Number of protein chains: 2
Amino acid sequence: MSLKHALLGLIDLEPGSGYDLTQRIRNSIGFFWPSTHQQIYKALHELLHEGCLDVEEEPQQHRPDRRIYSMTQHGREELQRWLDKPSPPTKIRDAFLIRVFCAHLWDEAHLVERLNDEQQRHQHVWEVYQRLAGRMDQWPESRRKRYRFARHTLQLGIYIEEAWQRWCRELQELYADK
Amino acid sequence: MSLKHALLGLIDLEPGSGYDLTQRIRNSIGFFWPSTHQQIYKALHELLHEGCLDVEEEPQQHRPDRRIYSMTQHGREELQRWLDKPSPPTKIRDAFLIRVFCAHLWDEAHLVERLNDEQQRHQHVWEVYQRLAGRMDQWPESRRKRYRFARHTLQLGIYIEEAWQRWCRELQELYADK
DNA sequence: CTTGGCATGTAAACTGTTACATGATTCT
DNA sequence: AGAATCATGTAACAGTTTACATGCCAAG
């Protein structure tokens, strides 16, 4: 299960609680491996059971105690083994493209409108990525170095969003002035 | 379930058997909504049950009869209703990017090698898309018109593969001459 | 003689999503 | 007064993947 190894990778960079990891995933690995807190808590329990992680309870008042996870030697070995395996091909799942596929059932004005919405959505995601990247680029050297691969994956996200926007714009032009 | 509507869209363009549709999906909707024949046969049964499709059995010798599915009025209405709904955001799932995220555990030579493999993979997919697009562009006018939206979605695939390749190349350069 | 294409399916296992559950604190 | 944040989970449901099942024909 890739989510487990994603968690090992994150914890290897910096230990944290399920809550912490949920936030961190949302701003990094979540872009190319979407996951909810429910999955994450479950995966953490399993990793703990398998001896890949250690926990330390941090007592809190008025709310559940934080359970801080950190790597074990076994976890590090497991991650290493996984890293050397080949990756299955990327998967995209996009219902909007199914709709475009059926766009002969729309009139062209409606198509252009939907393409415009879609383009704005991708522009928004692009802006989120850019902001995040900009902030990361201002981190102090040591942190920037530690997270440089996270930064690289973000760059791919930026390129992909640009591809989407280009496509939306070109199609809009094609159907707008007809 | 989007797969069902993908099938309705395909059958609306041209009726066919489960087997046909599996092939057609593999070369069109499958690029952004991966689905196996098992899922497809199941979805077809359900659509039939819901009154969205009709079947006609075409007897065959030495192999199971072909069951040719076609649209009903109810199916067309259902598809129309679905088309007007908003689409949930795109999802990417990519285990290679999780690995890159953890690339501090690789030495740089290994990273460059893996990036090279990945780039070739994306180049291969790009070539497949280009070949398909080239063939579609040579179809006779009527068919080309009918499948023009399929052609458009293919173009997005091409752009996305180009984004991937650019990214792989840039990262390789960054880590190659260090 | 083995691989791939044709043609349909069932079933179990695994993964992912959605809804529910609790409860104090801080911000608007 | 209501929403968001912190912090952990359980459970039901939906969707996806993998393995199994059959059997003929054509091509290499």
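Computation of the quantities below employed the complete heavy-atom set of this structure, encompassing side-chain atoms and omitting hydrogens, waters and symmetry-equivalent molecules. In what follows, chains carry the letters A, B, and so on, assigned in the order in which the sequence lines appear, proteins first and then strands, with residues in each chain numbered from 1. Treat the numbers as computed from the prediction; the structure is a model and nothing was measured.
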Any chain of hydrophobic side-chain contacts (each under 4.5 Å) joining [X] to [Y]?
X: B:Tyr19; Y: B:Leu3; result: no
X: A:Tyr41; Y: A:Ile68; result: no
X: B:Leu156; Y: B:Ile92; result: yes

I need the [atom1]-[atom2] distance between [X] and [N], as an integer number of Å.
X: B:Arg24; N: C:dG5; atom1: CZ; atom2: C1'; value: 18 Å
X: A:Phe32; N: C:dG16; atom1: CZ; atom2: C1'; value: 18 Å
X: B:Arg26; N: C:dG4; atom1: CZ; atom2: P; value: 13 Å
X: A:Gln61; N: C:dT22; atom1: CD; atom2: P; value: 22 Å
X: A:Gln60; N: D:dT5; atom1: CD; atom2: P; value: 17 Å
X: B:Met1; N: D:dC13; atom1: CE; atom2: C1'; value: 13 Å
X: A:Glu57; N: D:dG9; atom1: CD; atom2: C1'; value: 13 Å

Between D:dG15, C:dT15, C:dT17, spot the one nearest the side chain of B:Arg93, thanks.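 Closest of the options to the side chain of B:Arg93: C:dT17.
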
So, is B:Lys91 near the phosphate of C:dT17, with a side-chain N or O under 4.0 Å from OP1 or OP2?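 Result: yes.
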
B:Gln165 and B:Trp126: side chain donor to acceptor below 3.5 Å: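 Checked: B:Gln165/B:Trp126 side chains show no N/O donor-acceptor pair below 3.5 Å.
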
Is there a donor in the side chain of B:Tyr175 and an acceptor in the side chain of B:Glu170, or the other way round, less than 3.5 Å apart?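 Distance-only check fails for B:Tyr175 and B:Glu170.
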
Between A:Phe96 and A:Trp167, how do the two ring planes meet: parallel, tilted or perpendicular, split at 30° and 60°?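 Perpendicular, since the angle between the ring planes exceeds 60°.
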
Keeping the roles fixed (side chain from B:Arg166, backbone from A:Tyr159), state whether a donor-acceptor pair exists under 3.5 Å.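 Judged by distance alone, no pair lies under 3.5 Å.
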
Within the distance-only criterion (no hydrogens, no angle test), does the side chain of B:Asp65 pair as donor or acceptor with the backbone N or O of B:Gln60 below 3.5 angstrom?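 Yes, because the side chain of B:Asp65 sits within donor-acceptor range (under 3.5 Å) of the backbone of B:Gln60.
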
Distance-only criterion, 3.5 Å: show the donor-acceptor pairs between side-chain atoms of residues 79-88 of chain A and protein atoms not counting sequence neighbours.
unit_1, atom_1, unit_2, atom_2, d
A:Gln80, NE2, B:Leu105, O, 3.1
A:Arg81, NH2, A:Glu78, OE1, 3.1
A:Ser87, OG, B:Arg99, NH1, 2.6

Any chance you could list the contact pattern along nucleotides 23-28 of chain C? Use B for base contacts, S for sugar-phosphate-only contacts and - for none, protein heavy atoms under 4.0 Å, 5' to 3'. BSS---

Residue A:His124 excluded, over 12 heavy atoms near NE2 under 6.0 Å: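 For A:His124, atom NE2 is not crowded (no more than 12 foreign heavy atoms under 6.0 Å).
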
Would you find more than 12 non-hydrogen atoms of other residues, nucleotides or ligands less than 6.0 Å from B:Glu50 atom CD?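 Yes, enclosed.
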
In residues 8-23 of chain A, which ones come under 4.0 Å of DNA chain D, going by heavy atoms?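 Within this stretch, A:Ser17, A:Gly18, A:Tyr19 sit under 4.0 Å of the strand.
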
Using a heavy-atom distance cut-off of less than 4.0 Å, which residues of residues 37-47 of chain B contact DNA chain D?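 Going residue by residue through residues 37-47 of chain B, the ones with a heavy atom under 4.0 Å of DNA chain D turn out to be B:Gln38, B:Gln39.
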
Gap between atom CG of B:Leu21 and atom CD1 of B:Ile40 - 0.5 Å precision: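 Between B:Ile40 CD1 and B:Leu21 CG, I get 7.5 Å after rounding to 0.5 Å.
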
Just verifying a value: how many Å separate B:Phe101 CZ and B:Leu97 CG, rounded to the nearest 0.5 Å?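 Result: 10.5 Å between the selected atoms.
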
Which comes earlier along DNA chain C counting from the 5' end, the contact point of A:Leu3 or that of B:Arg66, where each point is its nearest nucleotide?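 Looking at DNA chain C, the more 5' nearest nucleotide goes with B:Arg66.
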
For residues 129-142 of chain A, which side-chain donor-acceptor pairs fall under 3.5 Å, sequence neighbours excluded?
unit_1, atom_1, unit_2, atom_2, d
A:Asp137, OD1, A:Arg151, NE, 2.9
A:Asp137, OD2, A:Arg151, NH2, 3.2
A:Glu141, OE1, A:Arg144, NH2, 3.3

Enter the inter-axis angle for the ends of the helix from C:dC1-D:dG28 to C:dT28-D:dA1 (five pairs per end, rounded to 10°).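 Taking the rotation axis at each end, their angle is 50°.
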
